Amino acid sequence: MDPQDRKQQNLTAIYGALLELMAQKPVMNISITELCQQAQVSRTYFYRHYQNFNQIILAYQTQNMLHYLRRLPQTSKVDLTRLMTHYFENTKLEAETYQLLIKNGKLDILLETFQTVFQLLIKQERIANHTSRLTAPYYLEFFSGAVINVTVNWVKHGFVESPAYLGQTVASYVRSSNLM
């Protein structure tokens, strides 16, 4: 197994173990030893790659969102409705994970992950029909906060609306507010 595959395997193992433990108790009550035993990785591995549990979650969630980007339509530009619909579809596929992260107060990681991916989309000029507001100071924080807040409430209420509905709703709010 090459080093990249091994690194991916270890990240998947330690992230999966962390989620399993988070399902049993609050993250603040999980020890590094317990996590490493559950994941079948050494403490040396943990300390070599991570300083805390948030870094594990962030690494995995960022990777997951980059995978989400690869599943976007292969057009050069994607409209906001489609982009947001895909985001909410991905969230629904990862329902249990989002529920655990929300329950354990890890909204900052969801926010940081979303911002990282959205910045990449802006940098790659993949968002259709946007204005220069996307790069205005604090716009990324404003938009990301709004989307994550909608996401959290949607997850907490049991995914009542469809991802398409939420994608259209977010895009309509942005258009009606002339935010993009």
Side-chain angles (χ1 to χ4, degrees), residues 1-72 83-121 140-141 143-167 169-170:
M1 181 179 298
D2 72 34
Q4 192 62 27
D5 289 341
R6 185 70 169 154
K7 183 178 178 183
Q8 178 59 43
Q9 183 181 21
N10 285 340
L11 174 59
T12 301
I14 202 163
Y15 180 75
L18 182 57
L19 290 180
E20 286 176 28
L21 292 168
M22 285 170 60
Q24 298 168 17
K25 57 185 166 182
V27 71
M28 68 180 102
N29 294 338
I30 300 170
S31 72
I32 293 169
T33 300
E34 182 179 24
L35 175 62
C36 292
Q37 288 172 346
Q38 182 83 11
Q40 298 181 354
V41 298
S42 69
R43 286 174 55 91
T44 304
Y45 166 81
F46 176 87
Y47 287 113
R48 186 177 296 141
H49 294 91
Y50 310 104
Q51 293 177 351
N52 55 50
F53 295 157
N54 285 356
Q55 288 183 341
I56 295 167
I57 298 167
L58 183 60
Y60 191 88
Q61 285 297 314
T62 300
Q63 196 172 69
N64 184 43
M65 290 300 286
L66 292 173
H67 180 69
Y68 147 80
L69 284 179
R70 288 190 289 273
R71 292 192 319 256
L72 285 173
L83 186 68
M84 290 291 92
T85 298
H86 280 279
Y87 169 75
F88 288 113
E89 287 170 348
N90 187 65
T91 300
K92 195 168 184 179
L93 287 173
E94 298 286 326
E96 289 181 44
T97 299
Y98 274 77
Q99 289 164 339
L100 284 172
L101 294 177
I102 292 165
K103 178 182 166 190
N104 283 277
K106 299 300 178 186
L107 300 184
D108 55 331
I109 294 173
L110 296 177
L111 188 61
E112 187 175 344
T113 303
F114 185 90
Q115 288 176 349
T116 299
V117 172
F118 202 74
Q119 273 182 319
L120 185 60
L121 289 167
L140 181 63
E141 292 80 4
F143 182 70
S144 301
V147 172
I148 295 302
N149 195 35
V150 168
T151 303
V152 168
N153 283 291
W154 184 54
V155 170
K156 285 182 176 180
H157 291 110
F159 305 97
V160 175
E161 300 85 3
S162 71
Y165 172 81
L166 286 176
T169 301
V170 168

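Just so it is clear, the model here is predicted, and its values are computed rather than measured. Sequential numbering from 1 along the given sequence is applied to the chain's residues.
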- Query: If only atom types and distance count, is the side chain of N54 paired as donor or acceptor with the main-chain N or O of I57 below 3.5 Å?
  - Reply: no
Taking side chain as C-beta onward, heavy atoms only, is F88 less than 4.5 Å from V170?
yes
In terms of heavy-atom contacts, M84 and G167 come closest through CB-CA, 3.6 Å
Item checked: L101 and M22: CA distance, side-chain angles, deciding distance, side chain to side chain contact (heavy atoms under 4.5 Å, CB included) verdict -> CA-CA 8 Å; L101 294 177; M22 285 170 60; 4.0 Å; yes
To the nearest 0.5 Å, atom CG of L111 lies from atom CD of Q61 at 12.5 Å
#### Entry: Side chain to side chain, V152 and Y98, heavy atoms closer than 4.5 Å
no
Q) Can you tell if the side chain of V27 reaches within under 4.5 Å of the side chain of L18, non-hydrogen atoms only? A) yes
Rounded to the nearest 0.5 Å, the CG atom of D2 sits from the NZ atom of K7 at a distance of 11.5 Å
Taking every heavy atom of S162 against every heavy atom of W154, the minimum-distance pair comes out as C-CZ2, 4.5 Å
task: Any chance you could lay out the side chain to side chain contact (heavy atoms under 4.5 Å, CB included) test for I102 and T151, step after step, and finish with the verdict?
output: CA-CA 10 Å; I102 292 165; T151 303; 5.8 Å; no
**Prompt:** Are Y15 and T97 close enough that some pair of their side-chain heavy atoms sits under 4.5 Å apart?
**Reply:** yes
What one should report as the nearest heavy-atom pair of L21 and L35 is CD1-CA, 3.7 Å
Heavy-atom nearest pair, L11 first then I56, reads CD1-O, 4.0 Å
Is the gap between the ring centers of F114 and Y87 under 6.0 Å?
yes
Closest heavy-atom pair, R43 versus C36, reported as atoms and distance to 0.1 Å, is CA-SG, 3.8 Å
When rounded to the nearest 0.5 Å, the distance separating OH of Y60 from NE2 of H67 is 9.0 Å
Closest non-hydrogen atoms of L110 and I148, given as atom of the first, atom of the second and distance, are O-CD1, 3.7 Å
Polar contact flag, side-chain donor to acceptor under 3.5 angstrom, T12-Q8:
yes
Practice prompt. Measure from the side-chain N and O atoms of N149 to the backbone N and O of G145, and report whether any donor-acceptor pair falls under 3.5 Å.
Written response: no
In this structure, NZ of K25 is separated from CG of N104 (nearest 0.5 Å) by 12.0 Å
Distance col, row K92:NZ vs E161:CD, nearest 0.5 angstrom, shows 10.0 Å
Checklist entry - Is the number of heavy atoms from other residues, nucleotides or ligands within 6.0 Å of CD (Q40) greater than 12? => result no
Output for pair (T116 OG1, L121 CG), nearest 0.5 Å, gives 11.0 Å
